[in-house]
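Working notes for the structure below.
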Amino acid sequence: MDIKKILKRNEFYVSIIIVALALLIQIKSGQFFTSNNIMDLVRSLIVPGMMAAGLFMVIASGNIDVSFPYTAMLCMFGITKLFQVIDYQGPVVLGFLLAAVIGAFLGLINGVLAAWLKLPTLIITLGTCAIYLGFTQGVLKSSVISVLPDPLADMAAHTLFTVRSATTGLGSSMPISIVMLIGTLLVVGFIMKYTMLGRGIYAVGGDPVAAERVGFNVSAIRIFVFTFMGLIGGVTGLTQVTLSGMCQINFFDGYEMTIIAAVVLGGASIAGGSGTVFGTFLGVLLMKLISNNLILLGIPTNWSKLMTGVLIIAGVSASAYKAVLSEKRVSGNILKTGEKEAKQ
Amino acid sequence: MNEILLQIKDISKRFGGVKALDEVRLVIKKGEIHCLVGENGCGKSTLIKIISGFYKPDGGEIIFDGKSYSHLEINQAIQLGIQVIYQDMSVFPNLTVAENIAMNYELYNKKKLVNWKEVRKTAKSALGHIGIDLPLDEQVGKLSVADKQLIAIARSILYNSKLIIMDEPTSALTRKEVDKLFKVIHQLKDEGVSILFVSHKLDEVFEIADQFTVFRNGKSIVQADAKEITDDQFVYFMTGRKLEQKPFLAETRDDTKSLLKVEGLCLKNGFENISFEIHAGEILGITGLLGSGRTELAKTLFGMYKADAGKIYIDGKEVKVNSPMEALKLKIAYVPEDRLTEGLFLTQTIEKNMVIANIDKLRKKSRVVDYKRGYSDSKEWVRSLGIKLHELKDGITTLSGGNQQKVVLGKWLETAPKVLILNGPTVGVDIGAKYDIHDYLRGLAEKNDMAILMISDDINEVLMNCNRILIIKSGHITGEYKNTELSSEKLQALISGGEHEEAC
């Protein structure tokens, strides 16, 4: 019974693909399971992983947000510039708190517009993403910041531990922000599974009218998921600075699409109401696995987009095909009862 | 148990210029099964939404358990013990049975965290309470309509529920499932819960109600004891007109003229060896339970399924129907079971819905559609079928169920069919419109040039309008009767007879 349940889970299949792909890369190149490679992979998961966790909530509630990369960008430049201007030397935590507040406010704008205007959230966030980008470019006049203020530079230099390859001498370090990724995943996981708020998100995603009738505050739930997404957007913006050691306007280009794809690949229906944070994380892992490691398979990096695209289509088709099959099964069942009666 | 639980006093509600409710009154006592009846658009749903806090009334008073309110909020209504089971059931298809059932309980208790053990326990005890067994971990989207209905009921029974409102709960249920539901309702009544049962099915109202209230055009017409009233009076209260129907006897019938003949028709897993003949002047009825093969038969005749064996003759000539397109060419028309998903284009206007089946004939030489002719043709059908509408250019969804069904019928009649297959022709249709449709079909039959096949599980409809009735069971025709030799009880027994407890 339990094995059957596991076999039904989308996470199971994504895990299999991940393991198979990892083994394939290892066999072909012998370089997958090296501490450097694993460390780099983990490092590259931090920002997309946090974003995906937030976006998973939005998608589970039956909405979509394409503005979060621009929220991240705005917070990244806004706070770095602020630190530069006032020559801030205090704890870096304050910067993250500020990023969280600004991000949450930008998310709140999305949420309130969505709850109030009841427009498709794709349109709303397409609009606000242009505003956030325009604000970053126009008002903040941002393009590149190559020398970071001290608190951020300190955090970038600080790592949990470093591994050094014996053969090449190259070092890879584990950034502190990995803690934030783990924290975010745990918080989102807890909210979605063990709080009425999380169950409300699934309920709204399943049927918003029914959710309202049963007594959920649908507007509040909408506002929450967008605000939370904004908060994560803000925090990841600053995290990215400490990971790259600089700010660049194109850091998050195309992130909205990649992250949406990762969430859907992880088993969440784009129509809302389903998915898990674990699945979402696996979706991100799979995407990053491909974009980071195809080169180890001898496939040029130029091809990684193509591979990602094929993967997304394949992943989505698999679950859609399952749905088509199950529809056929229902009609088959009805006819079977007919046969059963006929036998009596 | 004579205490009053809910009293609606002179409640009014306007939408724009339309008065949906005009100073309506309603009194429900504790532990009473109260039926609210009326045709579509009479204000029943509006009143439910006012009681449940979805709408704010423009005037009047709601007295619940002795306290007076000018209006209720959604959560306030829930806290007071008012639960509504909507027609669409409002269950969450993406969540499990257990979660769906426990949801109301958790929200009512203003829980912040979910205790999964408790969820299962709550769900189990609620299901046990109404004596139903369902798999707790199954996703609700995969269950049947009847099961969803039971889930909606199970979750509405909180320990404090005082009033449960059921909005047309039987519309998608088979007779057996209705019996099960009624048992549950009686049990709730015995526990002191009041039920407001909204319906427009007369037989059900008489079967279940203690008291009833009739609404017509947003006004409350009468409130009375269910025992003190006859069928005819009831129909009069609802429609405001006297409707009488005599059984259809096919007096113009010509047995030498065969319009449709089916011989040994078989569909794998669907039905076997189906044979019948429709003569000029007849309306042939086929009736059976849900899942008896009746819909599969209809769809096969219309080319939606491909028959494995058997022959079909129209006007004595053998034909092959392999697709709906071919059926259309052969002048076969099919009024489907579910007009909303199969019969209408819901986003389009009334006029466009009306001309669609005949669109090929409306083509001018330049291959452009002649909308002018389409408009005048549509207008003609609106007149002859008595469709009540504001304008042909209005959306189809602005019409009531009965008028929508008339549009579906008009659409097919416009193609001048030789064979008219009706599958559940008056499901969800008001009594008034129902009589209109029946009268029209009888008129058509008497012209002696159209084979009319009426597939329906509405016992009275079949008895009154079909001169011959075939019973279908598990894909086989098990009997043929004249309508004059059957009573509704007998027909009911024939349909469900010999049926053992099977999995529901």
Side-chain angles (χ1 to χ4, degrees), chain A residues 1-2 4-5 8 60-62 190-221 267-269 271-276 322-323 326-344, chain B residues 49 52-54 74-75 77-79 83-86 88-95 99-100 102-104 106-116 119 137 139-142 144 152 155-156 267-272 289-293 295-296 473-476 498-500 502-504:
Chain A
M1 179 67 200
D2 277 331
K4 256 190 191 168
K5 252 190 203 168
K8 270 190 194 163
S61 75
F190 178 77
I191 291 178
M192 294 305 279
K193 175 97 199 195
Y194 292 107
T195 68
M196 280 312 279
L197 173 66
R199 302 323 288 178
I201 290 172
Y202 281 115
V204 173
D207 186 341
V209 179
E212 192 170 2
R213 283 172 177 169
V214 93
F216 280 114
N217 188 339
V218 174
S219 297
I221 287 174
S269 155
S274 67
T276 62
K322 254 191 275 166
S326 77
E327 245 172 53
K328 274 186 189 160
R329 219 181 299 138
V330 170
S331 64
N333 275 343
I334 293 170
L335 293 177
K336 248 188 218 162
T337 50
E339 279 171 2
K340 207 169 64 192
E341 276 169 37
K343 272 180 204 154
Q344 285 172 352
Chain B
K49 285 183 178 160
S52 61
F54 239 71
I74 298 176
N75 275 311
I78 294 171
Q79 292 294 329
Q83 289 283 336
V84 186
I85 299 167
Y86 290 92
D88 62 9
M89 273 122 12
S90 285
V91 290
F92 301 101
N94 55 326
L95 303 181
E99 217 183 338
N100 263 286
M103 192 81 86
N104 284 29
E106 293 173 285
L107 282 168
Y108 170 76
N109 288 308
K110 298 195 169 142
K111 296 234 168 168
K112 292 271 175 269
L113 298 180
V114 184
N115 177 344
W116 287 96
V119 165
D137 294 317
Q139 262 196 5
V140 167
K142 291 183 183 148
S144 71
R155 76 170 178 191
S156 67
L267 177 71
K268 202 183 165 204
N269 289 340
F271 49 79
E272 270 173 0
L289 296 171
L290 207 68
S292 59
T295 296
E296 286 73 12
K473 207 188 287 174
S474 305
H476 294 265
E499 187 198 11
H500 302 289
E502 95 260 58
C504 276

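A note on names: the letters A, B, ... follow the listed sequences, proteins ahead of strands, and every chain is numbered from 1.
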What part of [X] lies closer than 4.5 angstrom to a heavy atom of chain A: side chain, backbone, both or neither?
X	value
L107(B)	both
D137(B)	side chain
V84(B)	neither

Looking at G215(A) and N75(B), what are the two nearest heavy atoms and their distance?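 Between these two residues, the closest heavy atoms are O-OD1, 3.5 Å.
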
Exercise. Hey, could you give me the CE/CZ distance between M89(B) and R213(A), rounded to the nearest 0.5 Å?
Key: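 Going from CE on M89(B) over to CZ on R213(A), the span is 11.0 Å.
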
Give the member of N94(B), N104(B), L95(B) that has the highest number of heavy-atom pairs under 4.5 Å with chain A.
->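 Maximum pair count with chain A is reached by N94(B).
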
Residue pairs meeting side chain to side chain donor-acceptor pair (under 3.5 Å), one or both in residues 194-212 of chain A, sequence neighbours left out, come to R199(A)-E99(B)

Quiz item: Do F190(A) and L113(B) have side chains that get closer than 4.5 Å, going by heavy atoms?
Solution: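 The answer is yes, as the side chains (C-beta and beyond) meet within the 4.5 Å cut-off.
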
Min side-chain heavy-atom separation F92(B)-V214(A) under 4.5 Å
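Side chain of F92(B) against side chain of V214(A), heavy atoms only: contact under 4.5 Å found.
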
By salt bridge (charged side-chain N to carboxylate O under 4.0 Å, His left out), K111(B) pairs with (sequence neighbours left out) E118(B)

Options G206(A), G205(A), S269(A), ranked by heavy-atom pairs under 4.5 Å with chain B, top entry: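 So the answer, after comparing G206(A), G205(A), S269(A), is G206(A).
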
